[in-house]
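Labels below follow one simple rule: chain letters A, B, ... track the order of the sequence lines, proteins then strands, and each chain is numbered from 1.
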Protein chains: 2
Amino acid sequence: MNLPGRNINPHISVDCVIFGFSTNQLKVLLIKRAYTNSSGRLSNDHKLPGDFIAINEDLDLAASRTLKELTGLKDIYLQQFAFFGMPDRISKSMDIAWLNETSGHKIQRVVTAAYYSLINITDTNSDFAIKNNATWIDVKQVPDLAFDHATIISNGLAHLQLTLRNEPIGFELLPEKITIRELQTLYEMILDCTLDNRNFRKKILKSTYMVQLEEKQRGVAHKPAYYYRFDRNIYEKYKKESLGFNF
Amino acid sequence: MNLPGRNINPHISVDCVIFGFSTNQLKVLLIKRAYTNSSGRLSNDHKLPGDFIAINEDLDLAASRTLKELTGLKDIYLQQFAFFGMPDRISKSMDIAWLNETSGHKIQRVVTAAYYSLINITDTNSDFAIKNNATWIDVKQVPDLAFDHATIISNGLAHLQLTLRNEPIGFELLPEKITIRELQTLYEMILDCTLDNRNFRKKILKSTYMVQLEEKQRGVAHKPAYYYRFDRNIYEKYKKESLGFNF
DNA sequence: TTTAGTTAGCGTATTTTTTACGTTAACTTT
DNA sequence: AAAGTTAACGTAAAAAATACGCTAACTAAA
C-alpha cells in the first residue's frame, strides 16, 4: 500500500488483470478498497491490484512488484495489453479522495498501463499465496468497481480471447502440466463456447508443441488422463514456419 | 514544437508510427531533429513524430494533435499499441539535453504511449500535407534514431503484421478505394512475403465486405482494374459469426 | 493501324483442414 | 461385481487452401 510521502510518480500507474481458472469458472483477482463515502460512512468496493509507479521504476517491474505486494503472487508472467489515459478516468469524487489519501499527493489525472495474466487457481502455491484482502471473483459477475476498472477487465478479456484464437494459449500463461480436457475447459471458459472434445484432442495431438508426460492423473473416479506440457522451443519453431494469413 | 514553459506533463509523451505505402515500398514517417552534440557542433538525426502531453490532455487526442502539428497530417486513425516505460529509454546525453531544451523542463524519465497508423502515401491530400521537416523513410532502411524509437517502430510493425494476419486490414486503415492488386501488394509489403494473385483475389471476392465500385482505373497501360471499398458494417456482421479458433 | 507489353480477371484439380459423430478403455465408488 | 464417469481413438464428409495457365482490356511504340 502507498504511504504518504513515498517517492512515487503520481501521474502513472500500473494495473494487473489476473485471470484465474479453477474447475469450471474463469475468475479475476480483485482487492478490497475501503473509503469514506459522501455521508461519512466507511464503504467498500473492489479494485484491480495496481499502484503508482515509483520514480524511475520500470513499468513491467512496477506491475510485478504491485501484484506481489497486494496479493502475494510472484513470478507471474504479465503481459501489457493497453494503456488508459482519458482525463476523466479517475473522476469520481470518492476515487480522487482515496487516491489523495493513499498516495499522499494531490492527484490530477493518472495514466495507467494495464497488464494481464492467466494462472491456475488450484495450483496450491498460487492459492496459498493470495493475501486475504484479495479475492477471486467470477468474470461474469464482476461487481461495481473503482475507477474504470470494469472497462480494463473487459478489455483484458478481449485481448486474452484474441490471443487464444490466434495462437495456442501456451507461451507464458499455461501451468506446467495440464490434461487435454483441462485445456479444453480453459478454452471454453475463455472463449465462452463449447468445443468438440474429439476434435480438440486431435488438434492438440497434431500440434507438436504439446508434449505428453509419463505422469497420469491420480485418485480420479474415472480413467486417468495423461498430463501434457507446453514446449516453448518446439512452438517457436512451429510459429516461424506457419505464418499464413487468415481473414 | 514545445515552447519552454508550456503547460505540459513532462512525464508522459505520445509517439506516432505512421506507416505509408506507395507503389512497392512500406515507409515510415520521421521528422528531423537538430541538436548540439558533445563537440559543440549542430547534428541531425530522426525521430518519430511525438510530443509531451499537456496537463489533463487525453492521450488519443494528444497523439492526433502532435501528428498534425509536426507533419500536417490530420484526421488519421491512430491505434494505440504499447506503452514504453523503461527508465533508461531517454538516457543518451544528447537526448536528455534536447528534451530539456525543447520542453523547458528538467526531464528525468519519460513514459511514452505509442500509436500506429497506415496511410496511402500517394493520396494527394496526404502527400500534400506533409511538412518539409517530415520525410518518408523505407521501413527496411531506418537510420539511427533518437531515444528508443527504432524499437518502437519495429514493435509497431509487429503489431500491424499481427493485425493483418488475423483480420482484414480493413477497419480504419484502408484508403477509401483500392484495387485488389494494390491491396495484395500492401499485404506483401507488410507481411514481407509473396502471395498468389489468383488465390488472393478469390479470398477477397469471397469476403463479402470488400465491395466492388463502378469506378475503374484510368490511364494505366494495361487492362484497368476495378476499385473496391471496405464495408465496415458487413465486416462487423461477418466478424461476429466467424469466431473460430486456430492454432 | 498494327504489334508488343502489361496487368486484370477467371477456373479447375489436388491437397489439407475442419467438422460431425460413436465406441471401447480404465479408473473409483457403491 | 456393477454402476458411473471421463479418457482415448477413428472415419467419412464438407470446406478451405493451394497450385497452376489462359484470355481480356488497356496503352505505348513501331
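- In terms of phosphate contacts, A:R181 brings no side-chain nitrogen or oxygen within less than 4.0 Å of OP1 or OP2 of D:dT6.
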Side-chain donor-acceptor pairs of residues 145-157 of chain B under 3.5 Å, sequence neighbours excluded:
residue : atom : partner : partner atom : Å
B:D148  : OD1  : B:R89   : NE           : 3.4
B:D148  : OD1  : B:R89   : NH2          : 3.0
B:D148  : OD2  : B:R89   : NE           : 2.8
B:H149  : ND1  : B:L48   : N            : 2.9
B:S154  : OG   : B:A150  : O            : 3.4
B:S154  : OG   : B:T151  : O            : 3.1

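- Heavy atoms only, all atoms of each residue included: B:K177 and B:E215 are closest at NZ-OE2, 2.7 Å.
- Residues satisfying the ring-ring contact (aromatic ring centres under 6.0 Å, His included) criterion with B:Y115, sequence neighbours excluded, are A:F83.
- What separates CG of B:L205 from C1' of C:dG9 is a distance of 9 Å, to the nearest Å.
- A:Y227 places its OH atom 11 Å from the P atom of D:dA8, with the value rounded to the nearest Å.
- In this structure, CG of A:L183 is placed 16 Å from C1' of D:dA8, rounded to the nearest angstrom.
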I'd like to compare against my own output: the B/S/- annotation of nucleotides 21-30 of chain C with a strict under-4.0 Å heavy-atom distance to protein. BB--BBBS--
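- Distance, B:F200 CZ to D:dA16 P: 18 Å, rounded to whole Å.
- Between A:I204 atom CD1 and D:dC9 atom P the separation is 13 Å, expressed in whole Å.
- Mapped onto DNA chain C by nearest heavy atom, B:I180 and A:K206 fall at different nucleotides, with B:I180 at the one closer to the 5' end.
- Partners of B:D138 by side-chain contact (heavy atoms from CB on, under 4.5 Å), not counting sequence neighbours, listed by chain and number: B:Q25, B:K140, B:Q141.
- Between the NZ atom of B:K203 and the P atom of C:dG11 there is a distance of 20 Å, given to the nearest Å.
- With sequence neighbours excluded, the residues satisfying ring-ring contact (aromatic ring centres under 6.0 Å, His included) with B:H159 are B:F81.
- Taking the side-chain contact (heavy atoms from CB on, under 4.5 Å) definition, one finds that A:T135 meets it with A:H46, A:I137, sequence neighbours left out.
- Atom CD of A:Q212 is separated from atom C1' of D:dA7 by 11 Å (rounded to the nearest Å).
- Rounded to an integer number of Å, the gap from B:R201 CZ to C:dT12 P is 17 Å.
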